[in-house]
Structures are given as C-alpha cells and as structure tokens.
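Numbers here simply count residues along the sequence, with the first being 1. This one's a predicted model, so the numbers in the text were calculated from it and none came from an experiment.
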Amino acid sequence: MGIEQFKTALKRHSLKATPQRLAVHEAMMCLGHASADMVTEYIRQNLGTNVTVASVYNILTQLSCLGIYSHRMSANNKMYFDVNSFRHIHIYDCENHNFKDLIDDELMDMIEARLGRKKFRGFKIEDIDIQLIGRPTRKRTVAKQN
C-alpha cells in the first residue's frame, strides 16, 4: 500500500496521518516484516527521526488491530508486523527469526476449498492463517587443500 492509500486507510478509521505514523509506514514498506525494534532502528537511521520503541509498537499494534497490517508472534517471543494484509502464506526462519511471504493463490484456493467443506464442531472458521517453519538451507563447500 502506497503512502496515499495508507493516508486514505487512516482517514477511513478517523486517524490522522501524523509524521510518526507516516514514518512507521515508510519503514514497514522497506522492511516488509518487522518488530517494533527493527522499525524504530530503521526510522532513526534512515529517516532521521527520533522515536521510541514504545511509540512505534503502539502504532504498529493499532494498525494491526484495524487490519491495515497483520501481526505474528515469533518463536523468540517477539511480535512481528506484516505490511501485507492480503491472503498469503508465511515461511518462518526459526534460526534467524524472520518471515518471508509465499504467494501461491492456487494452493490457498485448494486449502480454502477443502477446509470450507469441513465442519469443526463448536467453531465457525473466520480465517485461514498458514505458517511454514523452516531453517535456511546451506550448501557445504569443500575447502581446497594446497
């Protein structure tokens, strides 16, 4: 979501496009998935604005509650926010504690079709949120001996 779309989304929720909210969104556009610490550091280093982690966390949480961003908890107990609120799958790197998006509409359609026909006693399914957990693959190189 570009800056003008972001301003429109804020207005739709009766929020002002404050310099802090705009800075957070600019950082999130560059980072994609980030914790409040990461966004704060980005803003300080790249935008020259002094913000607190608490202020950034509050903004990210508010935007997530409104559906402008989404959020996920990592295995290291940090909340990560996602600028992409559209339907997609996450791959979580459990070594480096970061997220990548996997966009596969065909797979999501298959999953939704399959689960849409199932009944889960005592539950009405509202959303499907899929997260794959993995480790980075590393090619081992054999050192040449001289």
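- Using a 4.5 Å cut-off between side-chain heavy atoms of Ile, Leu, Val, Met, Phe, Trp and Tyr, with links allowed through other members, I91 and V83 fall into different hydrophobic clusters.
- Clustering ILVMFWY residues whenever any of their side-chain heavy atoms sit less than 4.5 angstrom apart, transitively, puts L15 in the very cluster that holds M29.
- Pairing each heavy atom of L10 with each of A17, the nearest pair is CD1-CA, 3.7 Å.
- Between V51 and T40, the shortest heavy-atom contact is O-CG2, 3.6 Å.
- For the atom pair OG (S14) and CG (L66), the distance works out to 10.0 Å, reported to the nearest 0.5 Å.
- Taking CE from M110 and CG from D104, the interatomic distance works out to 8.5 Å, rounded to the nearest 0.5 Å.
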Please list every donor-acceptor pair under 3.5 Å in which a side-chain atom of residues 111-126 meets a protein atom from a residue at least two apart or in another chain.
| unit_1 | atom_1 | unit_2 | atom_2 | d |
| --- | --- | --- | --- | --- |
| E112 | OE1 | R87 | NH1 | 2.8 |
| R117 | NH1 | A113 | O | 3.4 |

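- No donor-acceptor distance shorter than 3.5 angstrom exists from the side chain of S64 to the backbone of L60, with no hydrogens or angles considered.
- The shortest side-chain heavy-atom distance between K78 and Y80 falls under the 4.5 Å cut-off.
- L31 and V53 are members of different hydrophobic clusters when ILVMFWY side chains are connected at heavy-atom separations under 4.5 Å.
- Of the inter-residue distances, the one linking S74 atom OG with D93 atom CG reads 11.0 Å to the nearest 0.5 angstrom.
- Residues F81 and S35 are not in side-chain contact: their nearest non-hydrogen atoms beyond the backbone lie 4.5 Å or more apart.
- Clustering ILVMFWY residues whenever any of their side-chain heavy atoms sit less than 4.5 angstrom apart, transitively, puts L107 in a cluster other than the one holding F99.
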Query - Audit row: M108, I130, side-chain contact (heavy atoms from CB on, under 4.5 Å) steps and yes/no - result: CA-CA 9 Å; M108 288 300 295; I130 300 172; 4.1 Å; yes
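- Between the CG atom of N50 and the OG atom of S55 there is a distance of 10.5 Å, given to the nearest 0.5 Å.
- Remark: E106 CD is loosely packed, at most 12 non-hydrogen atoms of other residues, nucleotides or ligands lying under 6.0 Å away.
- Here the rule is side-chain hydrogen bond (donor to acceptor under 3.5 Å, both in side chains) with Y92, and of Q131, R72, H97 only H97 fits it.
- Counting only N and O atoms by type, the side chains of D82 and H90 include a donor and acceptor under 3.5 Å apart.
- Screening residues 21-32 for side chain to side chain donor-acceptor pair (under 3.5 Å) gives R21-Q62, H25-Y69 as the qualifying pairs, with residues at least two apart or on separate chains.
- Between the side chains of H33 and D101, a donor-acceptor pair is found at a separation under 3.5 Å.
- Interatomic distance, Q5 CD to I68 CD1, rounded to the nearest 0.5 Å: 11.5 Å.
- Counting non-hydrogen atoms of other residues, nucleotides and ligands closer than 6.0 Å to NE2 of H88 gives a total above 12.
- Taken together through direct or relayed side-chain contacts under 4.5 Å among Ile, Leu, Val, Met, Phe, Trp and Tyr, M73 and I128 form parts of separate hydrophobic clusters.
- Note that the CD1 atom of I43 and the OG1 atom of T49 stand 7.0 Å from one another [nearest 0.5 Å].
- A 4.5 Å side-chain heavy-atom check between F6 and L22 finds at least one atom pair inside the cut-off.
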